[in-house]
Amino acid sequence: MRNAFTIAGKEMRGFFVSPMGWVVMGLYALLFGYFFMAHLTYFVQQSMQSQMGGGPININQFMIRPLLQNVALINLFLLPMITMRAYAEEKRSGTIELLLTSPVSDLQIILGKFLGAIGFYAALLAVTMVYVGILFAFGTPEWRPVVTGYLGLLLMGGCFLSVGLFISSTTKNQVVAGAATFVVFLLLWIISWLGQSAGPAMAAVLEYLSIVWHFEDFSKGVIDTKHVIYYLSFITFGLFLTMKSVDTERWRG
Amino acid sequence: MIEVQHLTKRYGPFTAVDDVSFRAETGEILGFLGPNGAGKTTTMRVLTGYMPATEGSATVAGHDVFADPIAAKRSTGYLPETPPLYPDMTVREYLTFVGKLKLPASVGKAERTSRVDAVMAKTHIADMANRHCSKLSKGYRQRVGLAQALIHDPEVLILDEPTAGLDPKQIIETRALIRSLAGSHTVVLSTHILPEVSQTCQRVVIINKGRVVAVDTPDNLTRQLKGSATLYVQVDAAGADAAPVLSGLDGVRRVVELDRHEQMVGFEVAADADRDVRRDVARLVVDRGWGLLEMRPLRLSLEDIFLQLTTDESGNNAPPPESEQPHA
């Protein structure tokens, strides 16, 4: 495990010394800030109307929940940029030879890369907490759904990152890795759309496969083991594919 | 110690390494010589555990590369053809990272730092410790690569073209460094530069098209190929017709006229192996009053051997000058 952490540290460091890491972080904050503004303005309008009609409306339900659900959209565009370098760059520059000839197992390398990516993603989420903090400063939202929401985001991001890692391990070219990852993320999201015309049984299956669908309960403040297991098994499967891909690459040379 | 037995590596239908076997004893520097694409890098990559072999076995420092890869990698230092540097790390950061990966968990932070300092001193890169790897010159990159291979003081060092792309002064320094590592380390280095082998290595494996063509010391290779002791004898114009007389000498197998000018004529005199005919030749020439201008042993340079061994005999490539058909 020590080796995995060494590699994770190197990966994390790589994000923070390269301009790319800061650009991704800045864009992430920018997009989140935009959604925050949009939802806030809407929420203010709604609450003014509802004050005339009935009681105050729930900030968790009408503001934080849709806001966190929008993070999935930001992830779709920005998470491929985190993983696209992971293997592709090491293969292109030849540093993969260092890793593969060090006394470290493939699993340790893959876990290290995954932990590094998820660590950087966690840093991105930490930045967005500043916005959510503003709501806590000026209002009284429930904190539990916020915590479960962020837990869900972390798990959902983990799925994206494990798939991204796998795709990066199949190519030397960062751009190919990034583009392919984006497409696969998108498909994993919109796979449930087919369900609407595929009959109820198929719809349930396709909905279950959609990564974003599993996030809804988290954003409502519910931790359902069904979703946790889905995310964890998805991540394991992604890392398993990465492992097989690295192994295959070795045999083919 | 390194032992490779019947190693074969195929990429689909292409056979990169074909039934290669060799040994490198502890403390020895073994040269891996062959033209580009001969299978040197592939063999080294198998030895370092970068890729598995299709068939055969390889043992490094007593650990089987396939059965016990982690232990084998722990005793191996590897400098790939392109030094595997991370451009955004400084030299010190890079070596510390590699140290964390390669040194056993029992090595503490202080000891690791002193290892990093030690290898930087050894490879003369201490003055670049805080420079980013992306800003290093080719020579420094190569040396940082070597420092990286040495950081865990491995029993076995595998160096893929360690002097490629260096300037002459750096080449001399690097060779001296490699020679100084022999004894405590077993070194395998690949090269297609011939003088490097004769200057640095104790034994040579010549490899061509994935097959081992010859394994021996540089000196033995030279002798064995020649098959016999050969002299170059130059006499003045009086000895223009010396060839038949010289061939009459006991122990001389063949005399070939190599060059002829107005004032002199030169012969290649081939004698039976292990027979020193120099005294007899000298006496004969002097007795006849031909005027001995020059007499020296003819040796094939490694370059000639290399060309001989790796040139297809069926091909139309002319054999190099002043060399015979291979004896073997």
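Chain identifiers are assigned alphabetically (A, B, ...) following the order of the sequence lines, protein sequences preceding nucleic acid strands; residue numbering begins at 1 within each chain.
- Residue A/G94 comes nearest to B/P84 through the heavy atom pair O-CB, 3.7 Å, listed as atom of the first residue, atom of the second, then distance.
- Taking a 6.0 Å sphere around CZ of B/R112, one finds it holds more than 12 heavy atoms contributed by other residues, nucleotides or ligands.
- Counting heavy-atom neighbours within 6.0 Å of A/K91 NZ, excluding the residue itself, gives a total above 12.
- The shortest distance between side-chain heavy atoms of A/S102 and B/K73 does not fall below 4.5 Å.
- B/A53 and A/W251 make their closest contact through O-CZ3, 3.8 Å (heavy atoms, listed as atom of the first residue, atom of the second, distance).
- Contacts between A/E90 and chain B at a heavy-atom distance below 4.5 Å involve the side chain alone, from C-beta outward.
- Neither the backbone nor the side chain of B/L79 comes within contact range of chain A, judged by heavy atoms closer than 4.5 Å.
- Atom CD in A/Q108 sits 6.5 Å away from atom CD1 in B/I70 (nearest 0.5 Å).
- Contact of A/V17 with chain B is made through the side chain alone, with heavy-atom distances under 4.5 Å.
- No side-chain heavy atom of B/K100 sits under 4.5 Å from any side-chain heavy atom of A/K10.
- Heavy atoms of other residues, nucleotides or ligands lying less than 6.0 angstrom from CZ of A/F16 number more than 12.
- Heavy atoms of other residues, nucleotides or ligands lying less than 6.0 angstrom from CE of A/M37 number 12 at most.
- When all heavy atoms are compared, the tightest approach of A/R2 to B/P104 is NH2-C, 4.0 Å.
- For a residue to count as touching a neighbouring chain, one of its non-hydrogen atoms must lie under 4.5 Å from one of that chain's; by this rule B/Y86 touches chain A with backbone and side chain alike.
- Around atom CZ of A/F240, no more than 12 heavy atoms belonging to other residues, nucleotides or ligands sit under 6.0 Å away.
- When each of B/I158, B/T48, B/L47 is tested with A/T101 by the rule side chain to side chain contact (heavy atoms under 4.5 Å, CB included), just one qualifies, namely B/T48.
- Within a 6.0 Å radius of NZ in B/K138, other residues, nucleotides and ligands contribute more than 12 heavy atoms.
- Residues A/E97 and B/Y50 come closest through the heavy atom pair CG-CE1, 3.5 Å.
- The local environment of CZ in A/R13 is crowded, with over 12 non-hydrogen atoms from other residues, nucleotides or ligands closer than 6.0 Å.
- The number of heavy-atom neighbours closer than 6.0 Å to CZ of B/F22, taken from other residues, nucleotides and ligands shown, is above 12.
- Looking at B/Y94, the atoms closer than 4.5 Å to chain A (heavy atoms on both sides) all sit in the side chain, from C-beta outward.
- To the nearest 0.5 Å, atoms NZ (B/K102) and CG (A/L98) are separated by 5.5 Å.
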